[in-house]
Amino acid sequence: MQSLPRTNVADLELAELEQALESLGHRQFHARQIFGWIYRRGVTNFALMSDLGQELRAQLAGAFAIDTPDVVRSEKSQDGTTKFLLRLMDGKQIEAVFIPDTPSQTFCVSTQVGCAMKCGFCLTGRMGIERNLTAGEIAGQVRVLARELGMFGTRFNIVLMGMGEPLHNYDATMKALRILADEHGFAMSGRRITLSTVGVLPALERLATEPFMPNLAISLHATTEEQRDALVPINRKYGLKELLDACRRFPLKRRERITFEYVMLRDVNDTPEDARRLVRLLHGIRGKVNLLPLNEAAGIPFERPSDERVNAFARILAEHGVTVSVRTSRGRDIRAACGQLITESTRQAPGARLALLMKP
Ligand code: SAH
């Protein structure tokens, strides 16, 4: 019977679901009810959507699917950070991380399987890029974490800082944000979502024109073109100067600021001169700096600076009026910290065991 491919509701914005219902002869307003079930309660089985008629539920189940990533495994860190290994419909695997009490509750989600950016200190980059995630797979991570953690109906933040470069998967990422923002679902405000990017410039310019605006975090990591060319290869195409110019033009609401992430690598970019150059570079930009002392890993040819080095760097920024924070890395014991998300793709059948490439 069911030979026609079913439409995947997880990939639809509300208006698209309304149209899909209408084209099947159903009333549009059921879309809001369905969104409520999926995004407010985590229900993905039409049979359980009890405010829809029995017959309608059966018809919906025949015409639609609600694809949801499977949890292969979850690991909880001593600090409460929990890493979820998720399997997508095609068997590819990604990771999403719950970071509690920062003081807010944060979901860190992926936008791609792997990453094409190849930043020199990031393990995910070692995987290369396998494919983009769909909007449904990006928003689906949030649904799965909310369900697994019993957090439907509670407040949380979302950071697009898992695997992948969100602006290298622009359309799906923005669609996922619209799905997450829908008032009939999670009703996320842009202020609770942070998009972190290396600065794919054409996409950043496009982001500047979006009606739905997340907070922006820029992975800067260096203070000269040469240094950034070496650490963040996309800088050879879209350089530091153009990136900062785009940041200057980026529309910010009152009191909003761009976060500049700066991974700290011993004897590479952690000197007082680097700090002073950073102060000068950020002049005239409404920004703040988040220092990320490197999370070391086997195969990453850099070291983490001493705390004294990090503090001295932070002090120089602060003395020059730059707001600065140092990110305390969470979940390192389960390899869930920044730059530590990596899965080996399994080309075998779905269900094949995942091999984590890293040793604890
Ligand atoms: N592709 C996006 C999201 C990536 S992860 C981006 O680059 O912004 C979020 C942050 O973790 C980025 O700033 C990234 O550069 C940083 N990061 C990557 N590897 C790291 C490591 N080993 N230690 C600390 N931070 C790291």
Side-chain angles (χ1 to χ4, degrees), residues 81 83 94-97 99 102 106-129 132-133 138 141 157-170 172-173 176 193-201 203-204 207 214-222 227-228 230-235 238 240 243 246-247 258-266 268-270 278 287-305 310 313 325-332 334-342 357-358:
T81 299
K83 180 168 82 169
I94 54 168
E95 292 179 327
V97 181
I99 309 150
T102 56
T106 303
F107 292 2
C108 175
V109 306
S110 297
T111 54
Q112 299 179 310
V113 185
C115 187
M117 298 298 118
K118 301 211 175 305
C119 299
F121 45 82
C122 179
L123 268 190
T124 307
R126 294 294 161 95
M127 286 176 71
I129 175 92
N132 282 331
L133 296 184
I138 298 169
Q141 295 167 66
N157 296 342
I158 296 172
V159 296
L160 303 180
M161 298 188 187
M163 299 164 75
E165 165 51 48
L167 295 189
H168 189 218
N169 182 16
Y170 189 88
T173 297
I193 302 178
T194 300
L195 184 154
S196 176
T197 177
V198 291
V200 184
L201 273 191
L204 188 60
L207 180 67
N215 300 312
L216 181 62
I218 299 283
S219 288
L220 200 65
H221 305 324
Q227 206 182 31
R228 195 162 191 269
L231 295 174
V232 183
I234 201 172
N235 197 67
Y238 306 118
L240 185 59
L243 173 59
C247 290
I258 298 175
T259 301
F260 291 93
E261 295 160 287
Y262 191 97
V263 69
M264 296 202 66
L265 311 171
R266 183 192 292 176
V268 174
N269 65 356
D270 65 341
L278 185 54
K288 56 187 172 187
V289 172
N290 193 200
L291 299 176
L292 284 55
L294 178 75
N295 294 311
E296 294 180 338
I300 297 294
F302 298 103
E303 288 168 332
R304 181 190 186 92
V310 174
F313 194 100
S325 56
V326 180
R327 187 180 295 176
T328 43
S329 71
R330 304 282 299 262
R332 272 156 83 194
I334 55 164
R335 301 171 308 274
C338 297
Q340 296 193 316
L341 301 186
I342 188 163
L357 295 183
M358 276 191 56

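This chain uses plain numbering: 1 for the first residue, then up along the sequence. Please read these numbers as outputs of a predicted model, since none were measured by experiment. All ligand and atom numbering here is 1-based and tracks the order in the structure.
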Q: Could you give the distance from OH (Y262) to CG (L291), rounded to the nearest 0.5 Å?
A: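 Going from the OH atom of Y262 to the CG atom of L291 covers 8.5 Å.
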
Q: Within the structure, does S219 bring an N/O atom to less than 3.5 angstrom of an N/O atom in ligand 1?
A: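 Min N/O separation from ligand 1 is below 3.5 Å for S219.
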
Q: State the atoms of ligand 1, each with its element, that fall below the 4.0 Å cut-off from a heavy-atom position in L294.
A: 21 (C), 22 (N), 23 (N)

Q: Side-chain contact, heavy-atom cut-off 4.5 Å: L204 with I218?
A: yes

Q: Just verifying a value: how many Å separate T173 OG1 and L133 CG, rounded to the nearest 0.5 Å?
A: 8.0 Å

Q: Which atoms of ligand 1 are found less than 4.0 Å from any heavy atom of G164?
A: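 Near G164, the atoms of ligand 1 are 1 (N), 2 (C), 3 (C).
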
Q: Would you compute the distance between atom NE2 of H221 and atom CG of N269 and round it to the nearest 0.5 angstrom?
A: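 Nearest 0.5 Å value for the NE2-CG distance: 9.0 Å.
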
Q: Report the C-alpha separation of T259 and T194 in whole Å, then their side-chain angles, then the decisive distance to 0.1 Å, and conclude whether the side chain to side chain contact (heavy atoms under 4.5 Å, CB included) test is met.
A: CA-CA 9 Å; T259 301; T194 300; 5.8 Å; no

Q: Is there side-chain contact between I300 and N295, with at least one heavy-atom pair below 4.5 Å?
A: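 Sidechains of N295 and I300: no contact.
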
Q: Of all the non-hydrogen atoms in the protein, which one sits nearest to atom 10 (C) of ligand 1, and at what distance?
A: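 It is E261 OE2, 3.6 Å.
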
Q: Determine, step by step, whether R304 and E296 satisfy the salt bridge (charged side-chain N to carboxylate O under 4.0 Å, His left out) criterion, reporting the C-alpha distance in whole Å, the side-chain angles of both residues, the deciding distance to 0.1 Å, and the verdict.
A: CA-CA 7 Å; R304 181 190 186 92; E296 294 180 338; over 6 Å; no

Q: Starting from atom 2 (C) of ligand 1, find the nearest protein heavy-atom neighbour and note its residue, name and distance.
A: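 Here the closest protein heavy atom is S196 O, 3.2 Å.
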
Q: Restricting to non-hydrogen atoms, name the atom on L167 and the atom on A203 that form the minimum distance, rounded to 0.1 Å.
A: O-CB, 3.5 Å

Q: Which residue supplies the protein heavy atom nearest to atom 16 (C) of ligand 1, what is that atom called, and how far is it?
A: L292 CD2, 3.7 Å

Q: Test your reading of the structure: does P166 have an N or O sitting under 3.5 Å from an N or O of ligand 1?
A: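 No.
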
Q: Heavy-atom distances under 4.0 Å are what count here, so tell me which part of V263 touches ligand 1: side chain, backbone, both or neither.
A: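 The answer is the side chain of V263.
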
Q: With a 3.5 Å cut-off and no angle check, do the side chains of T197 and E165 form a donor-acceptor pair?
A: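 A donor-acceptor contact under 3.5 Å links the two side chains.
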
Q: Suppose I only count heavy atoms of C122 and a 4.0 Å limit; which atoms of ligand 1 are within that range?
A: 18 (C), 19 (N)

Q: Minimum distance, heavy atoms only, to atom 14 (C) of ligand 1: which one of H221, M161, E165 is it?
A: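 Among H221, M161, E165, the closest heavy atom to atom 14 (C) of ligand 1 belongs to H221.
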
Q: Which residue owns the protein heavy atom closest to atom 23 (N) of ligand 1, what's the atom, and how far is it?
A: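 For this ligand atom, the closest protein heavy atom is N295 N, 2.9 Å.
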
Q: What's the shortest distance from atom 4 (C) of ligand 1 to any protein heavy atom, and which residue and atom give it?
A: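 In this structure, atom 4 (C) of ligand 1 has G162 O, 4.1 Å as its nearest protein heavy atom.
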
Q: What residue and heavy atom of the protein are closest to atom 19 (N) of ligand 1, and at what distance?
A: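 Checked against all protein heavy atoms, atom 19 (N) of ligand 1 sits closest to G339 CA, 3.0 Å.
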
Q: When you measure from atom 11 (O) of ligand 1 to every protein heavy atom, which one gives the shortest distance, and what is it?
A: C338 CB, 3.5 Å

Q: Pick one of side chain, backbone, both or neither for how T197 approaches ligand 1, counting any non-hydrogen atom pair under 4.0 Å.
A: backbone

Q: Name the one of M163, M117, E95, Q112 that satisfies side chain to side chain contact (heavy atoms under 4.5 Å, CB included) with T124?
A: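 Looking at M163, M117, E95, Q112, the match for T124 under the side chain to side chain contact (heavy atoms under 4.5 Å, CB included) is M163.
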
